Amino acid sequence: MGKGFNLLLIRLALGLIFVILFVLALLPFVPVFLTESSDFKVSALIGGMFWFFGVIILLVLIGSVVSSFLSLAIPLSIYRETGILSAFRMVYRSFRKSWQEVLVYWFIRFLIGIGIAILALILFGLIILRR
């Protein structure tokens, strides 16, 4: 239970950090939307929406990178019998040495994810049409 519990704590801490970053990124827009004014500021609404989606996209990308590093660190932690954080550091050091390989890994993983999503949609469509 030691390594698994540590991994759970790390994932919970990362999730909490991402929620805090998300809330902090949206704090500048709270006074704009809480003040009641006679003229509605469309520009503030549009800018807020762009900022909102930009923050979400940025946090999703950073979260995906960190999650990928953790996924690579888990087998390393088991194989080397080390902690999750030390395995994460090893993965990060190897990423700095050969970042091209990790980019290819992410690209292939992305393509496989798209392929699985398309296959799932096709199968879902066939099941719906069959009824």
Side-chain angles (χ1 to χ4, degrees):
M1 184 170 117
K3 289 180 186 178
F5 187 68
N6 287 341
L7 180 63
L8 173 71
L9 291 178
I10 290 169
R11 288 194 187 265
L12 285 175
L14 287 172
L16 183 64
I17 289 170
F18 280 108
V19 167
I20 290 171
L21 287 174
F22 180 72
V23 169
L24 287 175
L26 295 181
L27 277 180
F29 293 100
V30 171
V32 172
F33 293 113
L34 289 182
T35 58
E36 293 184 25
S37 67
S38 60
D39 57 334
F40 185 71
K41 297 185 178 177
V42 177
S43 61
L45 179 66
I46 292 172
M49 287 177 25
F50 278 124
W51 179 257
F52 176 76
F53 288 119
V55 166
I56 287 178
I57 290 171
L58 182 67
L59 288 177
V60 164
L61 288 174
I62 292 171
S64 297
V65 168
V66 171
S67 177
S68 175
F69 281 172
L70 274 177
S71 296
L72 291 171
I74 292 169
L76 188 63
S77 171
I78 293 170
Y79 178 71
R80 299 254 174 116
E81 296 182 4
T82 61
I84 295 291
L85 290 177
S86 61
F88 186 82
R89 280 188 220 104
M90 285 186 243
V91 168
Y92 180 70
R93 274 188 249 125
S94 68
F95 169 74
R96 289 180 56 190
K97 290 178 187 172
S98 58
W99 57 271
Q100 296 94 350
E101 293 177 12
V102 177
L103 289 179
V104 169
Y105 165 74
W106 286 338
F107 182 71
I108 298 295
R109 189 172 166 182
F110 178 73
L111 289 180
I112 290 173
I114 289 175
I116 289 173
I118 290 170
L119 181 64
L121 282 172
I122 290 171
L123 291 176
F124 181 72
L126 290 175
I127 290 172
I128 294 296
L129 289 176
R130 191 167 173 161
R131 292 190 176 241

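Nothing here was measured: the structure is a model prediction, and the numbers come from that model.
- Contact detail for W106 and S68: the closest heavy-atom pair is NE1-OG, 2.6 Å.
- No chain of hydrophobic side-chain contacts below 4.5 Å, direct or via other Ile, Leu, Val, Met, Phe, Trp or Tyr residues, connects L9 to V19.
- Shown here is W51, whose CH2 atom has no more than 12 heavy atoms of other residues, nucleotides or ligands within 6.0 Å.
- Taking 4.5 Å as the limit, some side-chain heavy atom of L70 sits within range of a side-chain heavy atom of L14.
- Taken together through direct or relayed side-chain contacts under 4.5 Å among Ile, Leu, Val, Met, Phe, Trp and Tyr, I20 and L27 form part of one hydrophobic cluster.
- Here the rule is side-chain contact (heavy atoms from CB on, under 4.5 Å) with L119, and of L121, L123, I116 only L123 fits it.
- The cluster map of Ile, Leu, Val, Met, Phe, Trp and Tyr, joined by side-chain heavy atoms under 4.5 Å apart, puts I108 and F95 in different clusters.
- Here I74 contributes atom CD1 and F69 contributes atom CZ; the two are 14.0 Å apart, rounded to the nearest 0.5 Å.
- Within a 6.0 Å sphere centred on CZ of R11, other residues, nucleotides and ligands contribute more than 12 heavy atoms.
- Proximity of a side-chain donor or acceptor of S94 to a complementary backbone N or O of V91 within less than 3.5 Å is detected.
- Note: L72 CG to M90 CE = 13.0 Å, rounded to the nearest 0.5 Å.
- Residues R109 and Y105 have side chains that bring a donor and an acceptor to within less than 3.5 angstrom of each other.
- Note: L76 CG to R89 CZ = 12.0 Å, rounded to the nearest 0.5 Å.
- Ring pair F22/F52: centre-to-centre distance below 6.0 Å.
- Looking only at side-chain heavy atoms (C-beta outward), I114 and F110 come within less than 4.5 Å of each other.
- I62 and I57 fall into different hydrophobic clusters, where Ile, Leu, Val, Met, Phe, Trp and Tyr are joined by side-chain heavy atoms under 4.5 Å apart, directly or via other members.
- Note that CD1 of I84 and CG of L7 are 5.0 Å apart. Values are rounded to the nearest 0.5 Å.
- For the atom pair CZ (F5) and CD1 (I10), the distance works out to 11.0 Å, reported to the nearest 0.5 Å.
- Between atom CZ of residue F88 and atom CZ of residue R93 there is a gap of 11.5 Å, rounded to the nearest 0.5 Å.
- Side-chain contact between L12 and L16 is absent, with no heavy atoms from C-beta onward closer than 4.5 Å.
- When atom types are taken as modelled, the side chain of S77 and the backbone of A87 share no donor-acceptor pair closer than 3.5 angstrom.
- The environment of E81 atom CD is sparse: at most 12 non-hydrogen atoms of other residues, nucleotides or ligands sit within 6.0 angstrom.
- V66 is connected to L85 through a chain of hydrophobic side-chain contacts under 4.5 Å among Ile, Leu, Val, Met, Phe, Trp and Tyr, so both are in one cluster.
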